[in-house]
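The block underneath contains the structure these notes are about, expressed in structure tokens.
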2 protein chains.
Amino acid sequence: MKMKKNVQKAHCAVDYAFQRIGGKYKGRILWVLREGRLRYGELSRAVVGITPKMLTQTLKELEADQLITRKAYFEVPPKVEYSLTDTGMELIPFISQMRSWGEKQMSTN
Amino acid sequence: MKMKKNVQKAHCAVDYAFQRIGGKYKGRILWVLREGRLRYGELSRAVVGITPKMLTQTLKELEADQLITRKAYFEVPPKVEYSLTDTGMELIPFISQMRSWGEKQMSTN
DNA sequence: CAGAATCCCCCACGATACTG
DNA sequence: CAGTATCGTGGGGGATTCTG
């Protein structure tokens, strides 16, 4: 697996952080993984509206960025579980904060 | 000034929040405005690498989203100041934490 | 000084279909 | 079940020039 960073050339730490969890689905995926591992199919149901292509692609980016871990079980039928790394878990409090802010905004608008 | 929301159809509060401060420069602009108002020219120097087009465009979006306020002084030469709204200020703790996380990540990688 | 106006390109993302 | 493979597109963003 490639381990390249999905961060181009950050002008500052804010820039860097936003590049790392930017994209349309990264925040939501990290968020639904907050309570434990989920299988691919569970993720695709939890992240409403995501296509298999985008799910797979985003999961790969998050893995390359070491925010999540992929664990494949060699069984039939196939089974793959995704979970947060320690670094990924460190983001949950912030995302939680963002979520509270978002909830408040959505209700007052 | 148009007041449309730059948020399409959020699937959840996390989605909503990320749409609202997504984009390449929004986080950085909010961050540099944390300590007070800045003029257009000061912003363009503070947000290194941004073009006038993107600065103007992003400022308009942030204003339409009610995260910043624009105040124009009718003088010669022109003078325009931007500052955070209360709603925008509420995001600063979050961005601050993201920034700390980013700094840590940048140093340990 | 603080933008507006154009032109243009790339790629994130979507839709659809297929597979070990 | 957990993905690939292809094809297509819109708009986010860049470069450059102009102006009240």
Side-chain angles (χ1 to χ4, degrees), chain A residues 1-2 4-11 15 18-29 32-33 37-65 68-83, chain B residues 1-2 4-11 15 18-29 32-33 37-65 68-83:
Chain A
M1 183 60 191
K2 69 179 191 320
K4 84 163 181 65
K5 293 295 169 298
N6 301 299
V7 175
Q8 299 296 343
K9 165 72 173 121
H11 288 280
D15 197 15
F18 273 85
Q19 282 188 45
R20 193 125 171 222
I21 62 164
K24 194 167 181 178
Y25 300 105
K26 288 189 181 176
R28 289 170 73 192
I29 290 179
V32 299
L33 284 174
R37 49 188 51 180
L38 287 179
R39 300 182 58 170
Y40 182 92
E42 295 174 320
L43 278 169
S44 75
R45 264 168 270 123
V47 182
V48 178
I50 197 170
T51 60
K53 178 194 165 184
M54 287 312 297
L55 179 55
T56 302
Q57 181 180 309
T58 309
L59 287 171
K60 277 184 179 161
E61 290 177 12
L62 289 171
E63 193 193 1
D65 267 355
I68 66 172
T69 302
R70 190 187 112 113
K71 179 169 186 185
Y73 298 83
F74 288 89
E75 328 177 332
V76 176
K79 175 179 173 182
V80 180
E81 287 182 336
Y82 294 90
S83 55
Chain B
M1 183 59 193
K2 70 182 193 317
K4 84 162 182 66
K5 293 296 168 301
N6 301 298
V7 174
Q8 300 296 344
K9 166 70 172 120
H11 284 99
D15 196 14
F18 273 88
Q19 281 188 45
R20 194 124 170 223
I21 63 165
K24 194 167 180 179
Y25 300 106
K26 289 189 180 174
R28 290 170 70 192
I29 290 178
V32 299
L33 284 174
R37 50 188 47 179
L38 288 178
R39 301 181 58 171
Y40 182 91
E42 294 174 320
L43 277 169
S44 74
R45 265 168 270 122
V47 183
V48 178
I50 197 170
T51 60
K53 177 196 167 185
M54 287 313 297
L55 179 55
T56 301
Q57 180 180 310
T58 308
L59 288 171
K60 277 184 179 161
E61 291 177 10
L62 289 172
E63 193 195 0
D65 267 355
I68 66 172
T69 302
R70 189 188 114 110
K71 179 170 186 181
Y73 297 82
F74 289 88
E75 328 175 334
V76 176
K79 176 180 174 183
V80 181
E81 288 182 336
Y82 294 89
S83 55

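Protein chains get the first letters and strands the later ones, always in sequence-line order, with residue 1 at the start of each. Here the structure is a predicted model, which is why all the values come from computation and not from measurement.
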(request) Before giving the answer on side chain to side chain contact (heavy atoms under 4.5 Å, CB included), spell out for Y82(B) and L38(B) the whole-Å C-alpha distance, their side-chain angles and the decisive distance to 0.1 Å. (result) CA-CA 5 Å; Y82(B) 294 89; L38(B) 288 178; 5.8 Å; no
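When the P atom of dA12(C) is taken as reference, atom CG of L62(A) falls 14 Å away, rounded to whole Å. Between the CZ atom of R70(B) and the C1' atom of dA4(C) there is a distance of 12 Å, rounded to whole Å. One interatomic measurement links the two molecules: CD of Q19(B) to C1' of dA12(C), which rounds to 14 Å at whole-angstrom precision. Nucleotide dG13(D) holds its P atom 19 Å from the NZ atom of K9(A), rounded to whole Å. Rounded to whole angstrom, the span from the CG atom of L59(B) across to the C1' atom of dC1(C) amounts to 14 Å. In this structure, NZ of K71(B) is placed 17 Å from C1' of dA2(C), rounded to the nearest angstrom. The distance from atom CG of L55(A) to atom P of dC13(C) is 13 Å, rounded to the nearest whole Å. Here dC7(D) presents its P atom at 17 Å from CD of Q57(A), a figure rounded to the nearest Å.
Proximity of I50(A) to L43(A): side-chain heavy atoms (C-beta onward) are nowhere separated by under 4.5 Å. Annotation: side chain of Y40(B) is not in contact with side chain of P78(B) (no heavy-atom distance under 4.5 Å). Side-chain contact between R28(A) and V32(A) is absent, with no heavy atoms from C-beta onward closer than 4.5 Å.
Here Y82(A) lies in heavy-atom contact (under 4.0 Å) with sugar-phosphate atoms only. At the heavy-atom level, T56(A) lies under 4.0 Å from base atoms of the strands shown.
Between its two ends, the helix from dC1(C)-dG20(D) to dG20(C)-dC1(D) turns its axis by 60°, counting five pairs per end and rounding to 10 degrees.
Counting only residues at least two apart or in different chains, salt bridge (Lys or Arg N to Asp or Glu O under 4.0 Å) contacts with residues 42-57 of chain A are absent.
For the side-chain contact (heavy atoms from CB on, under 4.5 Å) test, residues two or more places apart in sequence or in another chain that qualify with A72(B) are R70(B), V80(B). Scored by the side-chain contact (heavy atoms from CB on, under 4.5 Å) test, T58(B) finds Y25(B), K26(B), I29(B), M54(B), L62(B) as partners (sequence neighbours excluded). Scored by the side-chain contact (heavy atoms from CB on, under 4.5 Å) test, V76(B) finds no partners at all (sequence neighbours excluded).
Side-chain contact, Y73(B) with E81(B): a donor N or O sits under 3.5 Å from an acceptor N or O.
For R39(A) and dG3(D), the shortest distance from a side-chain N or O to OP1 or OP2 is not below 4.0 Å. Between dG3(C) and K60(B), no contact under 4.0 Å exists linking OP1 or OP2 to a side-chain N or O.
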(message) One character per nucleotide, please: for nucleotides 14-20 of chain C, 5' to 3', B when the base has a protein heavy atom closer than 4.0 Å, S when only the sugar-phosphate does, - otherwise.
(response) BB----B
